[in-house]
Amino acid sequence: QVQLVESGGGLVQAGGSLRLSCAASGRTFSTYAMAWFRQAPGKKREFLAAISQTSINLNYADSVKGRFTISRDNAKNTVYLQMNSLKPEDTAIYYCAAADSYYTGSDPSRYDYWGQGTQVTVSS
């Protein structure tokens, strides 16, 4: 089992950047595939990006490709989401998730553990 805690959210102006972090504790972090999702009020949870255990496989949603970058540091038990060129429509609660498998797809039901989320608000 792994516990996930997100941080780095906040208020930023459109065009700005934020870097989210997700710290993991518990079972060995390097055995999990990791992902970021977000959920805006009244909307379904949306896949953003995923990364495999050794960072070889990366997967991005079209909506964030070229603006967001996922990375991980297994020595620090942390996964990151660098977000650039932020838009007001990026406003949401951002969640990290861990899959106890090699899955790096967009189906949230395939992820076994979730953090509590961190709020990102982008002002126009």
Side-chain angles (χ1 to χ4, degrees):
Q1 185 161 324
V2 65
Q3 292 78 43
L4 304 172
V5 178
E6 301 95 337
S7 62
L11 174 65
V12 63
Q13 287 190 330
S17 298
L18 281 176
R19 188 176 81 154
L20 305 183
S21 299
C22 173
S25 61
R27 221 186 82 183
T28 307
F29 174 72
S30 61
T31 65
Y32 294 94
M34 299 297 297
W36 286 95
F37 289 76
R38 68 186 177 190
Q39 189 164 19
K43 294 190 175 182
K44 292 170 58 176
R45 192 161 294 194
E46 176 189 12
F47 169 80
L48 300 175
I51 186 168
S52 63
Q53 285 80 346
T54 59
S55 304
I56 288 177
N57 293 323
L58 304 176
N59 183 23
Y60 291 95
D62 289 342
S63 60
V64 303
K65 200 172 292 184
R67 296 192 300 127
F68 291 9
T69 302
I70 190 171
S71 62
R72 67 190 294 164
D73 186 337
N74 288 342
K76 295 183 178 180
N77 293 343
T78 302
V79 62
Y80 304 97
L81 186 69
Q82 177 67 43
M83 306 187 295
N84 299 328
S85 303
L86 283 162
K87 308 173 183 179
E89 51 264 44
D90 293 319
T91 296
I93 299 175
Y94 283 67
Y95 299 91
C96 69
D100 194 5
S101 69
Y102 294 103
Y103 185 72
T104 54
S106 60
D107 183 355
S109 70
R110 297 288 299 272
Y111 291 87
D112 302 289
Y113 304 100
W114 293 82
Q116 293 300 306
T118 185
Q119 176 71 48
V120 171
T121 302
V122 184
S123 64
S124 56

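Residues: numbered from 1 along the sequence shown. These numbers were taken from a predicted model, which means no experiment stands behind them.
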**Q** Y95 ring centre to R38 NZ or CZ under 6.0 Å, with the angle to the axis within 45°?
**A** no
**Q** With the 4.5 Å side-chain cut-off for hydrophobic clustering, are Y32 and L58 part of the same group?
**A** yes
**Q** Measuring from atom OH of Y80 to atom OG1 of T69, what distance do you get when rounded to the nearest 0.5 angstrom?
**A** 14.0 Å
**Q** Would you call the rings of Y94 and F68 parallel, tilted or perpendicular, where under 30° means parallel and over 60° means perpendicular?
**A** tilted
**Q** Once rounded to the nearest 0.5 Å, what's the spacing between atom CG of N74 and atom OG of S30?
**A** 5.0 Å
**Q** What is the minimum heavy-atom distance between A98 and M34, and which atoms define it?
**A** CB-SD, 3.5 Å
**Q** If you draw a 6.0 Å radius around CD in Q116, do more than 12 non-hydrogen atoms from other residues or ligands fall strictly inside?
**A** no
**Q** State plainly whether one hydrophobic cluster holds both L18 and F37, where clusters connect Ile, Leu, Val, Met, Phe, Trp and Tyr through side-chain heavy atoms under 4.5 angstrom apart.
**A** no
**Q** Show your working on side-chain contact (heavy atoms from CB on, under 4.5 Å) between Y60 and I70 and close with a plain yes or no.
**A** CA-CA 9 Å; Y60 291 95; I70 190 171; 3.5 Å; yes
**Q** May I ask whether V79 and Y111 are part of the same hydrophobic cluster, defined by side-chain heavy atoms of I, L, V, M, F, W, Y residues being less than 4.5 angstrom apart, directly or through others?
**A** no
**Q** Using distance alone, with no hydrogens and no angle criterion, decide if S17 and N84 have a side-chain donor and acceptor under 3.5 Å apart.
**A** yes
**Q** Closest heavy-atom contact between A14 and S124?
**A** CB-CA, 4.4 Å
**Q** Taking N59 for the side chain and T104 for the main chain, is one N or O donor matched with an acceptor at less than 3.5 Å?
**A** yes
**Q** May I ask you to check whether F47 and W36 place their ring centres under 6.0 Å from each other?
**A** no
**Q** Take S63 and E46, measure what side chain to side chain donor-acceptor pair (under 3.5 Å) needs, and give me the verdict at the end.
**A** CA-CA 10 Å; S63 60; E46 176 189 12; 3.2 Å; yes
**Q** Rounded at 0.5 Å granularity, tell me how far SG in C22 sits from CG in L81.
**A** 10.5 Å
**Q** Closer than 3.5 angstrom, by distance alone: can the side chain of Y103 be matched with the main-chain N or O of S106 as a donor-acceptor pair?
**A** yes
**Q** When rounded to the nearest 0.5 angstrom, what is the spacing between CG in L86 and OG in S123?
**A** 10.0 Å
**Q** Can you tell which of D90, I93, T91, L20 makes a side chain to side chain contact (heavy atoms under 4.5 Å, CB included) with V120?
**A** L20
**Q** Do R45 and W114 come close enough that some side-chain heavy atom pair is under 4.5 Å?
**A** yes
**Q** With no hydrogens and no angle check, is any side-chain donor or acceptor of D112 less than 3.5 Å from a backbone partner on D100?
**A** yes
**Q** For D62, is there an ion pair with K65 - N to carboxylate O distance below 4.0 angstrom?
**A** yes
**Q** Hey, is the main chain of R19 close enough, under 3.5 Å, to the side chain of Q82 for a donor-acceptor pair?
**A** no
**Q** Are Y113 and F29 joined in one hydrophobic group, where the rule is that I, L, V, M, F, W and Y side chains link up if heavy atoms are under 4.5 Å apart?
**A** yes
**Q** Nearest 0.5 Å, please: how far is CZ in R72 from CD1 in I51?
**A** 6.0 Å
